[in-house]
Amino acid sequence: MIDQLARHGRADIPVYAINEDRKVATRRSDLTTSPLFVAEGIFTAEIVEECRRHRAPRRRAPAH
């Protein structure tokens, strides 16, 4: 998924239902006109590592 976002700017993203412990849908993410995306949730560390591997651009959120 990160590979597709880094190369093409779009990817099909799985939607999970935690209470069902499974993927319940897929949604299209299109970042072609966006300078960044936000990763959140329990797998954020893995997403950040994947971005580093693909050298995806990254920015830090401003400290508050």
Side-chain angles (χ1 to χ4, degrees):
M1 169 187 74
I2 298 300
D3 180 49
Q4 290 177 7
L5 286 173
R7 280 202 244 165
H8 308 291
R10 53 183 77 83
D12 293 324
I13 309 297
V15 177
Y16 292 94
I18 301 299
N19 61 333
E20 296 181 35
D21 195 28
R22 66 183 183 94
K23 180 177 99 170
V24 294
T26 302
R27 71 176 176 84
R28 185 75 162 170
S29 182
D30 187 334
L31 304 178
T32 55
T33 60
S34 179
L36 57 94
F37 72 96
V38 176
E40 65 179 6
I42 61 173
F43 297 110
T44 302
E46 288 85 355
I47 292 171
V48 170
E49 200 52 46
E50 188 76 8
C51 287
R52 285 185 182 135
R53 241 193 347 260
H54 293 288
R55 298 184 177 192
R58 50 180 187 190
R59 296 182 185 179
R60 289 184 177 245
H64 295 303

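Start at 1 with the first residue, then count along the sequence.
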Identify, with sequence neighbours excluded, every residue that meets side-chain contact (heavy atoms from CB on, under 4.5 Å) alongside Ser29. Leu5, Ile13, Arg27, Leu31
Under the salt bridge (Lys or Arg N to Asp or Glu O under 4.0 Å) test, which residues partner Asp21, sequence neighbours left out? none
Taking all non-hydrogen atoms of both residues into account, name the closest pair between Thr32 and His8 and its distance. CG2-O, 3.7 Å
Got a sec, which residues hit side-chain contact (heavy atoms from CB on, under 4.5 Å) with Thr33, two or more places apart in sequence or on another chain? none
In chain order, what residues pass the side-chain hydrogen bond (donor to acceptor under 3.5 Å, both in side chains) check against Arg7, with sequence neighbours excluded? Asp3
Residues in side-chain contact (heavy atoms from CB on, under 4.5 Å) with Ala17, at least two apart? Asn19, Glu20, Val24
To the nearest 0.5 Å, how far apart are CD in Glu50 and CD in Glu46? 10.0 Å
